[in-house]
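Remarks on the structure that follows.
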Protein chains: 2
Amino acid sequence: MSANSRLTIAAHALAWIGLYQRQGHEVATSEQIATSANTNPVVIRRLLGELRRAGLVESRRGVGAGWSLARELGSMTLLDVYEAVEPGPLFAMHRTTPDQECVVGYGIQPAMQGIYEDIEETLRHELARVTLANVLRDVLAAPR
Amino acid sequence: MSANSRLTIAAHALAWIGLYQRQGHEVATSEQIATSANTNPVVIRRLLGELRRAGLVESRRGVGAGWSLARELGSMTLLDVYEAVEPGPLFAMHRTTPDQECVVGYGIQPAMQGIYEDIEETLRHELARVTLANVLRDVLAAPR
DNA sequence: GCTTGTTGCAACCTTCGCTGTTACGACTGC
DNA sequence: GCAGTCGTAACAGCGAAGGTTGCAACAAGC
């Protein structure tokens with residue numbers, strides 16, 4: 001499906017900030033998170049920017065600046081993160097309009113639309129069942 | 001998510017063949033299906049080739065050749081089609097291994113793996129609830 | 001056996017989204 | 001004013017999807 005890692009990296013960043021704050025720190029820098037995720041700080045800033053627009057994190061600028069959680073990890077679900085970083089639908093329709101003179105070409109899009117909406121609703125429901133606190137708990141539960 | 005239209009086009013092709021056979025025809029050509037889906041015959045042949053490998057359709061060569069269903073539409077589900085045309089996972093992990101010295105970097109992949117597996121299982125279950133006969137019924141139910 | 005219509009498949013191109021990178025302005029604590 | 005950090009634009013590299021062309025393989029009918 002040409003899957004991307006945006007949800008994974010966003011969850012990584014949130015778990016990292018959450019743990020860091022639990023350890024008494026105020027803010028985390030994109031540099032620190034990028035090191036943990038083994039990527040570029042700009043990639044982290046872009047993703048966290050989308051999470052900020054969704055109200056999940058806050059940022060401060062200037063010296064000693066960085067990122068902090070806007071809410072408790074326990075009140076944040078993977079659905080919140082998914083909707084913040086994945087705008088489009090899961091399945092795409094035809095790239096060009098199918099033949100409207102053909103019975104199948106005419107009816108296929110409304111048919112699939114309805115089916116896809118049901119499926120995406122179920123997906124959202126599943127994503128909403130997992131909080132970021134669950135994620136961090138699972139992260140810390142990994143055997144050494 | 002950079003969604004693709006492979007599942008949509010595959011369902012379109014199967015519904016088209018199914019309806020065509022219901023009308024008394026033996027086989028459908030990739031040319032006919034491509035016209036209905038408004039795309040290139042080679043794209044259809046590629047997709048149907050994957051469905052053939054999955055045992056959903058059969059093809060004949062030579063003059064008067066084309067494609068036919070290998071099973072009833074009612075015994076085929078969107079999950080069968082999905083697994084035939086979408087090999088990869090829904091969500092990707094990090095492109096590079098995260099920092100194994102970091103607690104989060106070490107535990108994030110097993111944590112997300114478990115979560116993603118549950119979600120994909122739910123997705124598969126939903127896809128399995130829809131047969132291609134359901135799809136064709138919905139297609140024909142579209143108001144003119 | 002020849003012709004014809006169709007699949008099978010390789011090769012190539014274009015487009016697009018994701019990711020990575022550099023650069024630099026904006027901001028703020030000291 | 002300096003230093004550290006975010007905000008964001010710009011660009012390149014990469015890979016997947018989709019479109020297109022070309023041609024070999026095949027089989028039905030004559």
Side-chain angles (χ1 to χ4, degrees), chain A residues 1-10 12-13 17 20 25-35 37-53 57-68 70 84-98, chain B residues 1-10 12-13 17 20 25-35 37-53 57-68 70 84-98:
Chain A
M1 163 83 72
S2 77
N4 63 47
S5 60
R6 298 166 69 79
L7 184 59
T8 303
I9 303 293
H12 186 143
I17 299 172
Y20 199 57
H25 302 275
E26 286 245 339
V27 297
T29 69
S30 59
E31 175 73 34
Q32 295 171 312
I33 301 167
T35 299
N38 194 14
T39 181
N40 193 291
V42 176
V43 173
I44 299 297
R45 290 208 286 269
R46 279 202 287 244
L47 269 175
L48 287 180
E50 294 173 41
L51 298 184
R52 171 161 39 86
R53 262 166 250 132
V57 299
E58 289 165 350
S59 65
R60 291 210 309 251
R61 304 173 80 168
V63 172
W67 303 84
S68 55
V85 303
E86 297 282 0
L90 200 53
F91 302 109
M93 283 297 146
H94 309 62
R95 304 181 72 173
T96 58
T97 307
Chain B
M1 161 85 71
S2 78
N4 64 45
S5 61
R6 298 166 69 79
L7 184 59
T8 303
I9 303 293
H12 185 144
I17 300 172
Y20 199 57
H25 303 275
E26 286 245 339
V27 297
T29 69
S30 61
E31 175 74 34
Q32 295 171 312
I33 301 168
T35 299
N38 194 14
T39 181
N40 192 292
V42 177
V43 174
I44 299 298
R45 291 209 283 270
R46 280 203 283 243
L47 269 175
L48 287 181
E50 294 174 40
L51 298 185
R52 185 192 39 217
R53 261 167 251 131
V57 299
E58 290 165 350
S59 65
R60 292 212 306 251
R61 306 174 77 169
V63 172
W67 303 83
S68 54
V85 303
E86 297 283 1
L90 201 51
F91 302 108
M93 283 298 146
H94 308 63
R95 303 181 71 176
T96 57
T97 307

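Keep in mind that the numbers below use all heavy atoms, side chains included, and drop hydrogens, waters and symmetry copies. Below, chains carry the letters A, B, ... as their sequence lines are ordered, and counting in each starts from 1.
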Exactly one of A:Val42, A:Val43, A:Ile44, A:Asn40 clears side chain to side chain contact (heavy atoms under 4.5 Å, CB included) with A:Ser30, and that residue is A:Ile44
Salt bridge (charged side-chain N to carboxylate O under 4.0 Å, His left out) partners for A:Glu86, two or more places apart: none
Is any side-chain heavy atom of B:Leu48 closer than 4.5 Å to one of B:Ile33? yes
Roughly how many Å is it from CD in B:Gln32 to C1' in C:dG5, rounded to a whole number? 12 Å
Atom CG of B:Leu7 and atom P of D:dA16: how far apart are they, to the nearest Å? 19 Å
Sorted by position of nearest nucleotide on DNA chain D, 5' first, the leading residue of A:Trp67 and B:Glu86 is A:Trp67
For the residue pair A:Tyr20 and A:His25, categorise the inter-ring angle as parallel (less than 30°), tilted (30 to 60°) or perpendicular (more than 60°). parallel
Quick one: does any side-chain atom of A:Ser2 pair with a main-chain N or O of B:Ser2 as donor and acceptor, under 3.5 Å? yes
Nearest whole Å is fine: how far is D:dG19 P from B:Asn4 CG? 12 Å
Under a 4.5 Å cut-off applied to non-hydrogen side-chain atoms, are B:Ser5 and A:His94 in contact? no
Starting at atom CG of B:Asn38, determine the distance to atom C1' of D:dG19, rounded to an integer number of angstrom. 12 Å
If you find the nucleotide of DNA chain D closest to A:Ala28 and the one closest to A:Ser2, which residue's nucleotide is nearer the 5' end? A:Ala28
Answer yes or no: does a side-chain N or O of B:Ser59 lie under 4.0 Å from OP1 or OP2 of C:dT7? no
Using atom CZ of A:Arg95 as one end and atom P of C:dC16 as the other, report the distance to the nearest whole Å. 8 Å
Which residues within residues 39-51 of chain B lie with some heavy atom under 4.0 Å of an atom in DNA chain D? B:Thr39, B:Asn40, B:Val42, B:Val43, B:Arg46
Donor-acceptor contact below 3.5 Å, side chain A:Thr96 vs main chain B:Asn38: yes
Verify the neighbour count for atom CZ of A:Arg52: are there more than 12 heavy atoms of other residues, nucleotides or ligands below 6.0 Å? yes
Are any protein N/O atoms closer than 3.5 Å to N/O atoms in nucleotides 28-30 of chain C? If there are, list each pair with its distance.
residue : atom : partner : partner atom : Å
C:dT28  : O2   : A:Val63 : N            : 3.3

Rounded to the Å, how far apart are A:His94 NE2 and D:dA17 C1'? 15 Å
Any donor-acceptor pair under 3.5 Å linking the side chain of B:Thr8 with the backbone of A:Ala92? yes
In whole angstroms, how far is the P atom of C:dT4 from the CD atom of B:Glu31? 18 Å
B:Arg53 atom CZ is separated from C:dC9 atom C1', nearest whole Å, by 10 Å
